[in-house]
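In what follows, a structure is listed as structure tokens, so that the remarks can point back to it.
Each residue takes its place number in the sequence, starting with 1. Values below: every heavy atom of this structure, side chains too, minus hydrogens, waters and symmetry copies.
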Amino acid sequence: MREKRWLGLIVVLYLLLGVAYSWVVPLGEAPDEVDHFLYVRTLLEHRAFPVMHPIAADNETMEANQPPLFYLLNATLTAPFPMTASADLPLNACFTFDPHDGGRAHFYLHDAAEARPFAPDYLAFRAARLVSVLLGAVAVLLAYGLGRQLAPDDARVGLLAAGILAFNPQFLFMMASVNNDVLTAVLGAALVYGSIRATANPSPRLFALLGVLVGLGLLTKFALLAFWPLPLLAALWLVFREPYSVNRKLYSVPLNLSLVLVVPLLIAGWWYIRAYLLYGDPLAWDVHLQAKGFAVLRTEPLTLFDLREFVVIHFQSYWAWFGWLKIQAPDWVYGLLAMMVMAAVVGLVLLVRDWRLAISQSPISTLSFSPTAVLFNLLAVAAIYASLLRYILTINWSGYQGRLAYAAAAPIAALLGLGWRRVGKNLLQRDKLVLSKAEAGTKGRRIRSGALALPVVGLLLFAVGSLWQVAGAFPRPALYTPPSDWARVCRETAVRFYVEAIDAPQVILPGETLSLAVSGYGLTAGGAAVQGALLVGDEVAATTAVTPITWPAQTPITFTLPLTAPPDEAPARARLLLYLDGEPVELGWLKIAPREPVTAVPTQPLSANFADEVALLGYDLQEEGGQLRLTTYWQALRTMTVDYTLFVHLLGADGALIAQQDSPPQDGRYPTSIWDVGEVVVDEALFSLPLDADPAQIAVGLYRLASLERLAVSGSGETAVFLPPP
């Protein structure tokens, strides 16, 4: 009864923490969570499985290649709950994977409706998270079962295994999200547990159940393919144990093997046939890589440096690296975790020594653990890491995440519990903490059990502290500001104020006043003198009054500065700047438009189309006292994203260059990227002609400065318009 009470307490604390994590972490802020939930929504809304396309933008979900069991389960359980808002959340343009960049930890921009727990907008999403939390509780119970198999005579190993898994902060974080790693952890633990049971009781009924588990695993995640050999080994275990026996149970070996081989194919084979028919690949691996693109693909062969990086990232993210690999624990925490794991590994090594001593004695002495259970747990861990190492031969650092090994999370917890039990026993004896025989009663057991429980208690405190850390990284209501249509700036300043976004018009007229709204938050509490400015070229065109502001730590503020463009300012592209205690922060660009549209009235009309982007409508050409003035009239045919350079070349009769002028329109003040469709822009080029110059023609055109590639004149095969000299 005491054992059940402790197990019940572990499960209850896990559930409380899991629900807390599911609420504190904004929706979609676990890796790939949005795409996993979009899979569920696709099933509910279209009553069909999504299809993976090689172009990422064509996919309803980037998880469309995944087997469907987890999503079918979620669709069934969450169907009664409403979902009125889109689950396809907009990206946070300020997000980076650098944990030290100062920006918010959220990968997406969120709506204020998320702050209301029972609002219908995202209720189905929240219900799906609670399904994951409950599945995680099953994994914790299975970890307890694995621990009991490892040490049948010591319930503490089972409790250690359950506690180590339940209070692993990263496990809690992932189990509180919508991700097929959740069901993978459950089925992986169940397969190991069932395989160990089958070695002792090789009944066809149990192997039929194992076949069902394998089939369900194959419908959950490809990683569970690595566990298929475990029940096959269990089916052959009787042959290894009694190779010369005429025990009638040996006759069940072919049947058990058949069940483990055939039942999974009957359950999951259809999915792999579908994938082969759709993609020519039963695992849909190639189309998955095409859709993911170069952002995740390994471009260079795996090196020893990569393996070292894998070990560090994988270990840290197995225990505590939250969000989209954004929120890290302090370095000393990882050091303590490494010490705990290494101590458990030492304990496992000591168990190997115990086993060798036991079999060297005659008669064989009893062991405090089950070698068969240890072997199957170790094989499960080895299988999942062999699969993961194969995976990172193709995938870059994004494939190093610890959650990708959670198929073996319960076996790992069970082995850690067993190793810690063994090394803890050794330390207690060495420090002479074992009580005398007269005292070795209830008090002695409590001391020994309390010492062994230190990892679980430490992890529990760590899980609570991590919950607090994650809540601070995703503060509310700060999470929901500023609006998603504001322009992102994403700049940390010297005064510890993070300028996140601004709202300002993109076009103003001379003499017009704009309202510059700045949204950000203090990384620490503080204040500064702020000032807005408008720069044209290198000259200040306008400034605001210097305004003092203050801010609390980690709380968003928005302030507004009125900024008036000079009434006599010529049309131009202007830089918008914010000064905080004199430190300039680039906010972007805006267009000072002409007061009245320009009308093209050239003396020499033309109709030259440059790549359907710009048209040359005509020109004026005058010679004045040894100077040549060329005025050209241009019109934007469509919106341009490139700042083209305009060139005017004076050429001699032999085509040799006499003089040239290359610059963006109006000496860079009015680049092509700010032209409106249909807008007419006038540009002027002035040449001082050498005394012996005799230009035969003038070449006019546009080119990309970065590549020097000229825009072609449509229908002519030329890259310039050739004008006659005056």
(request) Could you go through the ring-ring contact (aromatic ring centres under 6.0 Å, His included) check for Y318 and Y406 one step at a time? (result) CA-CA 8 Å; Y318 186 92; Y406 277 2; 5.1 Å; yes
(request) Please lay out, stage by stage, how Y385 and H314 fare under the test side chain to side chain donor-acceptor pair (under 3.5 Å). (result) CA-CA 11 Å; Y385 276 100; H314 183 80; 2.7 Å; yes
(request) Take T558 and D503, measure what side-chain contact (heavy atoms from CB on, under 4.5 Å) needs, and give me the verdict at the end. (result) CA-CA 10 Å; T558 299; D503 184 39; over 6 Å; no
(request) Under the side-chain contact (heavy atoms from CB on, under 4.5 Å) rule, what do L17 and F167 come out as? Steps first, then yes or no, please. (result) CA-CA 9 Å; L17 285 168; F167 304 139; 4.1 Å; yes
(message) Apply salt bridge (Lys or Arg N to Asp or Glu O under 4.0 Å) to residues D111 and R116 and explain how you reach the verdict.
(response) CA-CA 10 Å; D111 190 88; R116 302 191 299 272; 5.9 Å; no
(message) Working note: H36 + N180, criterion side-chain contact (heavy atoms from CB on, under 4.5 Å); need CA distance, chi angles, decisive distance, verdict.
(response) CA-CA 7 Å; H36 285 290; N180 63 353; 3.4 Å; yes
(message) Please determine whether side chain to side chain donor-acceptor pair (under 3.5 Å) holds for the pair Y644 and E613, giving the CA-CA distance in whole Å, both sets of side-chain angles, and the decisive distance to 0.1 Å.
(response) CA-CA 10 Å; Y644 291 109; E613 297 217 36; 2.9 Å; yes
(message) One pair to check against side-chain contact (heavy atoms from CB on, under 4.5 Å): L337 and F315. What are the steps and the verdict?
(response) CA-CA 9 Å; L337 288 168; F315 179 82; 3.9 Å; yes
(message) Set out, in order, the CA-CA distance, both residues' side-chain angles and the distance that settles salt bridge (Lys or Arg N to Asp or Glu O under 4.0 Å) for E60 and R41, then state yes or no.
(response) CA-CA 10 Å; E60 294 176 287; R41 299 306 301 173; over 6 Å; no
(request) Evaluate side chain to side chain donor-acceptor pair (under 3.5 Å) for D181 paired with T184, printing each intermediate quantity in order. (result) CA-CA 5 Å; D181 289 324; T184 302; 4.6 Å; no
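Looking only at side-chain heavy atoms (C-beta outward), W589 and I674 stay at 4.5 Å or farther from each other. Side chains of L516 and L587 form a contact here, defined as non-hydrogen atoms less than 4.5 Å apart. Using a 4.5 Å heavy-atom cutoff, the side chains of I313 and W321 are in contact. The side-chain heavy atoms of T78 and M83, taken from C-beta on, include no pair separated by under 4.5 Å. A heavy-atom distance below 4.5 Å is not found between the side chains of D662 and L705. With contacts defined as side-chain heavy-atom distances shorter than 4.5 Å, the pair R488/P482 qualifies. For the pair M62/K292, a side-chain contact is recorded, criterion being any heavy-atom separation below 4.5 Å from C-beta on. Side-chain atoms of D683 and Y670, non-hydrogen and from C-beta on, never get closer than 4.5 Å to each other.
Closest non-hydrogen pair, L467 versus A20, comes out as CD2-CB, 3.7 Å. Among all heavy-atom pairs drawn from L388 and G399, the shortest one is CD1-O, 3.6 Å. Between A139 and A410 the shortest heavy-atom distance is O-CB, 4.3 Å. Between D101 and Y498 the shortest heavy-atom distance is O-CE1, 4.1 Å. Between R298 and I392, the closest heavy-atom pair is NE-O, 2.7 Å. Taking all atoms of both residues into account, the shortest heavy-atom contact from G163 to V456 is CA-CG1, 3.9 Å.
With rounding to the nearest 0.5 Å, the separation of CG in D306 from CG in N396 is 9.5 Å. The distance from the CH2 atom of W324 to the CD atom of Q401 is 8.5 Å, given to the nearest 0.5 Å. Considering CD1 of I508 and CG of L563, their distance stands at 7.0 Å, rounded to 0.5 Å. L416 contributes atom CG, which lies 10.0 Å from atom CG of L160 (distance to the nearest 0.5 angstrom). Note that CG of L307 and OH of Y400 are 7.5 Å apart. Values are rounded to the nearest 0.5 Å. Rounded to the nearest 0.5 Å, atoms CZ (F95) and NE2 (H106) are 10.0 Å apart.
Under a 3.5 Å cut-off, the side chain of S132 and the backbone N or O of S177 do form a donor-acceptor pair. Remark: side-chain polar atoms of T555 are paired, donor with acceptor, to backbone N or O of A553 under 3.5 angstrom. Y14 places a side-chain N or O within 3.5 Å of a backbone atom of V133 that can act as its donor or acceptor partner. Judged by distance alone, with hydrogens and angles left aside, the side-chain atoms of S466 form no donor-acceptor pair with the main-chain N or O of A463 at under 3.5 Å. The closest donor-acceptor contact from the side chain of R403 to the backbone of N179 lies at 3.5 Å or more, if one exists at all. For S317 (side chain) and G402 (main-chain N/O), a donor-acceptor pair under 3.5 Å exists by modelled atom type. No donor-acceptor pair under 3.5 Å is formed between the side chain of Q328 and the backbone N or O of P99. Judged purely by atom type and a 3.5 angstrom limit, E500 has no side-chain atom pairing as donor or acceptor with the backbone of G520.
Ionic pairing of R126 and D121 is not present here: no N-O contact between side-chain nitrogen and carboxylate oxygen is shorter than 4.0 angstrom. Salt-bridge formation is not detected for the pair E29/R104: no Lys NZ or Arg NE/NH1/NH2 atom is positioned less than 4.0 Å from an Asp or Glu carboxylate oxygen.
In this structure, Y21 and F322 have tilted ring planes: the angle between them lies in the 30° to 60° band. In this structure, W551 and F497 have tilted ring planes: the angle between them lies in the 30° to 60° band.
Counting heavy atoms of neighbouring residues, nucleotides and ligands inside a 6.0 Å radius, atom CD of E583 exceeds 12 of them. The environment of CG in D98 is crowded: more than 12 heavy-atom neighbours from other residues, nucleotides or ligands sit within 6.0 Å.
Considering only residues two or more places apart in sequence or on other chains, D35 meets the salt bridge (Lys or Arg N to Asp or Glu O under 4.0 Å) condition with none of them. Remark: D643 pairs with R573 by the salt bridge (Lys or Arg N to Asp or Glu O under 4.0 Å) rule, at least two apart or across chains.
Both the sub-6.0 Å distance and the 45° axial angle are not jointly satisfied by K221 relative to the ring of F70.
Paired with V131 under the rule side-chain contact (heavy atoms from CB on, under 4.5 Å), one option of N74, V182, V178, L183 passes, and it is N74.
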